[in-house]
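Below is one structure, written out as structure tokens; comments come after it.
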Amino acid sequence: MPELPEVETVRRGLAPFMEKARIDRVTLNRPDLRFPFPEGFAEALQGRRIDALGRRAKYLLIHVEGGSTVIAHLGMSGSFRIEAEASETPGEFHHPRSKDATHDHVVFDLTGEAGPVRIIYNDPRRFGFMHLWSDHLLDDYPAFQGLGPEPTGNLLSADYLASRFKTRKQPLKGALLDQKIIAGLGNIYVCEAMHRAGLSPETPVGALVDAAGRPKAGLIRLSDDIRAVIAEAIEAGGSSLRDHIQTDGSLGYFQHRFRVYDREGQSCPTPGCAGTVGRIVQAGRSTFFCSQCQT
DNA sequence: ACATAGACCTGTTGGC
DNA sequence: TGCCAACAGGTCTATG
């Protein structure tokens, strides 16, 4: 499911309710998601305050008083929703767009400045997970080892990409999905960025770098387009396909701005291009692109 | 080192 | 309408 913009949208939605709130109770409705919950997970959190919410790549970080952090990944289908206590019936929690509770796996009961609030993690496919990790050892968390730069900051540049690409022949699509090269991109935004930059997903990445190791024009465009598409998607509240809804139940709307993703057979939106969006499979995953203007 | 295929799990969609 | 295959926003592992 969620790529960086969706996780960032979730973080921003949860922060006003979770930051500075006290965790009264954590309820696990099953012993595991993709992985078992850590031993003593609920007990370690109950009674503590939440300091802040953060994010690294597609991981949501819940920094808890006392120096520990919940590392949560939403997998393909995970979502959080917020339910406020009904004023007329204390102890009951409601939300106008409540989902089927079948896949409500974790419930956080909190008390914040505005009163009690319930945060629910729902995940039909259970590819998500939650781990507990010491704050000061976060860089040692296995999935964070060797993680590439965030596409939201200045660390992602054409020069950086050239340095990573120059010796490789891997198709561009696969390289951009590699979290060790860039953190947080997934299938949607990789397809969208390659289309914006006019680059074929099958290009061997080394071909985007000149003999002196400098990025060619296409790679410079790509670096800019990755940053732009991610920034625009965050601003739009992410993309809502099947599972991603914002924590208040509303939908992100970046899916309306897709140029190629999930648009097989439609005409290419590039001005002056007469091509049609096609679909190929690379490493088992769909790539949407226009073979006319992506070369 | 690198590339692909398979595994994990449930739900939805589209073709017949 | 029903059935079934294909596919879905992600990673991790095994296998060439």
Side-chain angles (χ1 to χ4, degrees), chain A residues 1-11 29-36 55-60 71-80 99-105 121-131 141-148 151 164-194 201-206 226 229-230 233-234 236-246 251-265 279-288:
Chain A
M1 152 210 184
E3 306 180 32
L4 187 159
E6 290 73 40
V7 179
E8 178 61 19
T9 299
V10 167
R11 189 194 70 76
N29 292 329
R30 52 176 300 128
D32 58 4
L33 294 170
R34 179 175 176 186
F35 306 119
R55 180 191 58 72
R56 178 77 172 100
K58 303 172 191 174
Y59 297 80
L60 179 71
I71 301 173
H73 196 292
L74 307 184
M76 291 280 264
S77 60
S79 64
F80 283 92
K99 296 173 77 162
D100 181 354
T102 305
H103 300 293
D104 287 351
H105 304 310
Y121 179 70
N122 180 287
D123 188 355
R125 294 178 74 180
R126 303 201 304 275
F127 287 172
F129 53 86
M130 293 186 194
H131 281 148
Y141 182 68
F144 294 169
Q145 300 272 328
L147 206 51
R164 299 297 303 266
F165 285 179
K166 62 183 175 190
T167 62
R168 302 193 197 205
K169 297 185 282 219
Q170 189 181 16
L172 179 60
K173 170 72 183 306
L176 295 180
L177 282 176
D178 183 347
Q179 303 295 295
K180 289 179 164 32
I181 295 179
I182 303 173
L185 300 187
N187 212 26
I188 292 176
Y189 300 108
V190 165
C191 289
E192 292 296 309
M194 291 187 299
E202 295 176 297
T203 303
V205 293
I226 289 168
V229 75
I230 292 297
I234 291 172
S239 301
S240 302
L241 299 188
R242 298 155 192 82
D243 301 300
H244 171 70
I245 55 173
Q246 298 191 36
L251 300 175
Y253 54 88
F254 193 77
Q255 66 278 10
H256 302 303
R257 313 232 304 255
F258 289 169
R259 298 183 191 179
V260 288
Y261 184 82
D262 206 19
R263 294 176 63 87
E264 184 181 12
R279 184 179 80 92
I280 58 174
V281 175
Q282 295 177 286
R285 309 194 66 195
S286 290
T287 300
F288 298 91

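Lettering of chains follows the sequences in order, A, B, ..., and the numbering in each one begins at 1.
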What integer distance in Å separates [X]:[atom1] from [N]:[atom2]?
{"X": "A/His131", "N": "C/dT11", "atom1": "NE2", "atom2": "C1'", "answer": "12 Å"}
{"X": "A/Arg168", "N": "B/dA1", "atom1": "CZ", "atom2": "C1'", "answer": "9 Å"}
{"X": "A/Asn122", "N": "B/dT10", "atom1": "CG", "atom2": "C1'", "answer": "12 Å"}
{"X": "A/Arg125", "N": "B/dC9", "atom1": "CZ", "atom2": "P", "answer": "11 Å"}
{"X": "A/Arg34", "N": "B/dA7", "atom1": "CZ", "atom2": "C1'", "answer": "9 Å"}
{"X": "A/Asp32", "N": "B/dT10", "atom1": "CG", "atom2": "P", "answer": "10 Å"}

N/O (side chain, [X]) to phosphate O (OP1/OP2, [N]) under 4.0 Å:
{"X": "A/Gln170", "N": "B/dC2", "result": "no"}
{"X": "A/Lys169", "N": "B/dC2", "result": "no"}
{"X": "A/Ser286", "N": "C/dA8", "result": "yes"}
{"X": "A/Arg285", "N": "C/dG10", "result": "yes"}

### Message
Is there a side-chain contact between A/Lys173 and A/Asn187 in this structure, where contact means two heavy atoms from C-beta onward sitting under 4.5 Å apart?
### Response
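Side-chain contact under 4.5 Å: yes.
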### Task
Determine which bases of DNA chain B form Watson-Crick or G-U wobble pairs with both distances under 3.5 Å, and write the result as a 5' to 3' dot-bracket string with | for other-strand partners.
.|||||||.|||||||
### Message
Tell me every residue that passes side chain to side chain donor-acceptor pair (under 3.5 Å) with A/His131, counting only those two or more places apart in sequence or in another chain.
### Response
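Partners of A/His131 by the side chain to side chain donor-acceptor pair (under 3.5 Å) criterion, ordered by chain and then number, come out as A/Tyr141.
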#### Entry: Side chain of A/Pro124 - closest among B/dC9, C/dT11, B/dG11
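Shortest atom-to-atom distance from the side chain points to B/dG11.
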### Task
Would you indicate which nucleotide in C/dT11, B/dC2, B/dG11 comes nearest to any side-chain atom of A/His103?
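Per side-chain heavy atoms of A/His103, the pick is B/dG11.
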### Task
Please list, chain by chain and in numerical order, all residues satisfying ring pair (Phe, Tyr, Trp, His ring centres under 6.0 Å) with A/Phe127, sequence neighbours excluded.
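Listed in chain order: nothing, the list is empty.
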### Message
Restricting to ring pair (Phe, Tyr, Trp, His ring centres under 6.0 Å), what partner residues turn up for A/Phe165, sequence neighbours left out?
### Response
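Partners of A/Phe165 under the ring pair (Phe, Tyr, Trp, His ring centres under 6.0 Å) test: none.
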### Task
Of all the heavy-atom pairs spanning A/Met130 and A/Ala72, show the shortest one and how long it is.
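Residues A/Met130 and A/Ala72, closest heavy atoms: CG-CB, 4.0 Å.
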### Query
Reckon A/Arg126 touches a base, only the sugar-phosphate, or nothing at all at heavy-atom distances under 4.0 Å?
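Sugar-phosphate contact only - A/Arg126 comes under 4.0 Å of backbone atoms but never of a base.
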### Query
Is A/Phe127 stacked on the base of B/dC9, meaning ring centres closer than 5.5 Å and planes within 30 degrees of each other?
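A stacking contact does not exist, since A/Phe127 is not both close and nearly parallel to the base ring of B/dC9.
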#### Entry: Side-chain donor or acceptor of A/Glu6 paired with backbone N/O of A/Glu3 under 3.5 Å
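Checking the backbone N and O of A/Glu3 against the side chain of A/Glu6, a donor-acceptor pair under 3.5 Å is found.
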### Task
May I ask you to list the residues of residues 175-187 of chain A, by number, that have any heavy atom positioned under 4.0 Å from an atom of DNA chain C?
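Residues of residues 175-187 of chain A under 4.0 Å from DNA chain C: A/Gln179, A/Gly186, A/Asn187.
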### Task
Please state whether the rings of A/Tyr59 and A/Phe144 are parallel, tilted or perpendicular, taking 30° and 60° as the class boundaries.
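Perpendicular, since the angle between the ring planes exceeds 60°.
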### Query
Can you name the side chain to side chain contact (heavy atoms under 4.5 Å, CB included) partners of A/Arg257, sequence neighbours left out?
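Scan of A/Arg257 (side chain to side chain contact (heavy atoms under 4.5 Å, CB included), adjacent residues dropped) gives A/Glu232, A/Ala236, A/Tyr253, A/Phe254.
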